[in-house]
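Just so you know, these numbers use all the heavy atoms, side chains as well, and skip hydrogens, waters and symmetry mates.
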Amino acid sequence: HNGPPPLPSADGLLTWLVLTATADQHVGTGELEGLVAAAQAHRVPRDRVDALIRAALRGQLDATAPEDPVEAKRWITA
């Protein structure tokens, strides 16, 4: 039987979260706190978060996105 698709790497998950947070070309305080918390939970350094945000705001970041809302929830809660 086929189970759910594998979760992305920690960096892949964070990249997708950063792209989502920067979709409006702005990262609010709450969004930044959420990104930093997700990074800490997956042992991704804060400077990597900042680099991803800078790249996203320059339009230089690409990431695999979840297929649907169910998969997105699975990624976020992983």
* Under the salt bridge (charged side-chain N to carboxylate O under 4.0 Å, His left out) test, which residues partner Asp62, sequence neighbours left out? -> none

* Asked: Is there a side-chain contact between Asp68 and Glu71, using heavy atoms and a 4.5 Å cut-off?
  -> yes

* Asked: Considering only heavy atoms from C-beta outward, does the side chain of Leu17 approach that of Ile76 to under 4.5 Å?
  -> yes

* **Pairs meeting criterion side-chain hydrogen bond (donor to acceptor under 3.5 Å, both in side chains) with involvement of residues 50-59, two or more places apart** => Arg46-Asp50, Arg58-Gln60

* Starting at CG of Leu52, measure out to CG of Leu35 and round the result to the nearest 0.5 Å. => 9.0 Å

Residue pairs passing the ring pair (Phe, Tyr, Trp, His ring centres under 6.0 Å) test where at least one lies in [range], sequence neighbours excluded:
range: residues 7-33; value: Trp16-Trp75
range: residues 40-63; value: none
range: residues 46-72; value: none

Sequence neighbours excluded and cut-off under 3.5 Å, please list the side-chain donor-acceptor pairs for residues 6-15, or say none.
residue: Ser9; atom: OG; partner: Gly12; partner atom: N; Å: 2.9
residue: Asp11; atom: OD1; partner: Arg48; partner atom: NE; Å: 2.8
residue: Asp11; atom: OD1; partner: Arg48; partner atom: NH2; Å: 3.3
residue: Asp11; atom: OD2; partner: Arg48; partner atom: NH2; Å: 2.9
residue: Thr15; atom: OG1; partner: Asp11; partner atom: O; Å: 2.7

